[in-house]
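To start, the structure itself, in structure tokens.
Just so you know, these numbers come straight off a predicted model, no measurement behind them.
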Amino acid sequence: RYHPLAHHKMKLIAITLLALVASAAAIDWTDCSDSNADAKVTGLTFTPDPAKAGSALNVEADLNDTTAVQGGQLKIEVFLLGVSVHTETRDWCTEETCPTQPGAVSLKEATSLPGITPKGKYTMKISGTDSAGNQIMCANAKFTVQ
């Protein structure tokens, strides 16, 4: 049975996952990976920047993977004005082809933000851990939806 709020939440989850890997001039992001992490985030881009409710959103993330990753989890946490609006844990190998190979990785995703996406300043933390619990990567991002 169709429920508008559930449909909106699924769209927000997809947007959140995409935003995990994005930043540009107006998007403030940092690599919060520790020194032993398997990968470092080297770039994040949103197009358009800022994101616009009711419009397409293209996201590109650049990573430098230093170790082959056999498996693990990706956790995405999104906040609007400091209030948690979404938390999701995914299988790393659903997002990447496992085992990952060391080297540069560019992830590109496209989605559209529903017109009912709340406008405002969002923050996001994306973190990955391998099957042994070691950190794969970590990124913090601040972005605006207009």
Side-chain angles (χ1 to χ4, degrees), residues 1-34 37-69 71-131 135-146:
R1 180 172 154 188
Y2 178 79
H3 188 277
L5 187 56
H7 180 71
H8 172 67
K9 185 175 180 180
M10 290 182 73
K11 289 275 191 176
L12 187 56
I13 289 169
I15 292 163
T16 300
L17 181 59
L18 295 177
L20 150 77
V21 291
S23 182
I27 297 170
D28 182 25
W29 68 272
T30 58
D31 181 337
C32 53
S33 305
D34 64 36
D38 294 333
K40 299 290 183 186
V41 181
T42 58
L44 297 170
T45 306
F46 280 173
T47 307
D49 178 14
K52 293 179 175 44
S55 297
L57 177 63
N58 296 298
V59 178
E60 183 172 351
D62 297 315
L63 305 173
N64 184 17
D65 196 353
T66 59
T67 307
V69 176
Q73 293 187 333
L74 179 67
K75 183 175 183 180
I76 303 161
E77 301 168 277
V78 180
F79 302 86
L80 173 61
L81 301 173
V83 177
S84 177
V85 294
H86 178 71
T87 300
E88 178 179 0
T89 302
R90 293 178 159 251
D91 181 77
W92 183 265
C93 296
T94 301
E95 306 306 315
E96 290 285 327
T97 302
C98 288
T100 62
Q101 298 303 312
V105 177
S106 182
L107 305 173
K108 297 178 183 179
E109 296 292 335
T111 192
S112 59
L113 298 175
I116 60 173
T117 300
K119 296 177 181 180
K121 296 185 182 293
Y122 289 78
T123 58
M124 180 185 316
K125 180 176 183 178
I126 302 147
S127 56
T129 53
D130 66 19
S131 1
Q135 188 180 65
I136 297 172
M137 57 77 65
C138 179
N140 288 316
K142 295 179 183 178
F143 63 100
T144 300
V145 174
Q146 292 186 341

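Summarising the geometry, atom CZ belonging to Phe143 is positioned 8.0 Å from atom OG1 belonging to Thr123; distances are rounded to the nearest 0.5 Å. Atom CD of Gln135 is separated from atom SG of Cys32 by 6.5 Å, given to the nearest 0.5 angstrom. Summarising the geometry, atom CD belonging to Gln146 is positioned 13.0 Å from atom OG1 belonging to Thr117; distances are rounded to the nearest 0.5 Å. Taking CD from Gln73 and CZ from Arg90, the interatomic distance works out to 12.5 Å, rounded to the nearest 0.5 Å. Note that the CG atom of Asp31 and the CG atom of Leu63 stand 9.0 Å from one another [nearest 0.5 Å].
Without hydrogens or angle criteria, Ser131 side chain to Gly71 main chain gives a donor-acceptor distance under 3.5 Å. Looking only at distances, a side-chain donor or acceptor of Lys40 sits under 3.5 Å from a matching main-chain atom of Asp34. In this structure, Asp130 contributes its side chain and Ile136 its backbone to no donor-acceptor pair below 3.5 Å.
Residues that satisfy the side chain to side chain donor-acceptor pair (under 3.5 Å) test with Asp65, not counting sequence neighbours, are Thr100.
Lys75 approaches Thr89 most closely through the heavy-atom pair CG-OG1, 4.0 Å. The nearest pair of heavy atoms linking Pro48 to Ala56 is CD-O, 3.3 Å. When all heavy atoms of Trp29 and Thr42 are compared, the closest pair comes out as CH2-C, 3.6 Å. Among all heavy-atom pairs drawn from Lys121 and Leu80, the shortest one is O-CD1, 3.6 Å. The minimum heavy-atom distance linking Met137 with Trp92 is given by the pair CG-CH2, 3.9 Å. In terms of heavy-atom proximity, Pro50 sits nearest to Thr144 at CB-O, 3.6 Å.
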*Check step by step if side-chain contact (heavy atoms from CB on, under 4.5 Å) holds for Ser84 and Glu77.*
CA-CA 7 Å; Ser84 177; Glu77 301 168 277; over 6 Å; no
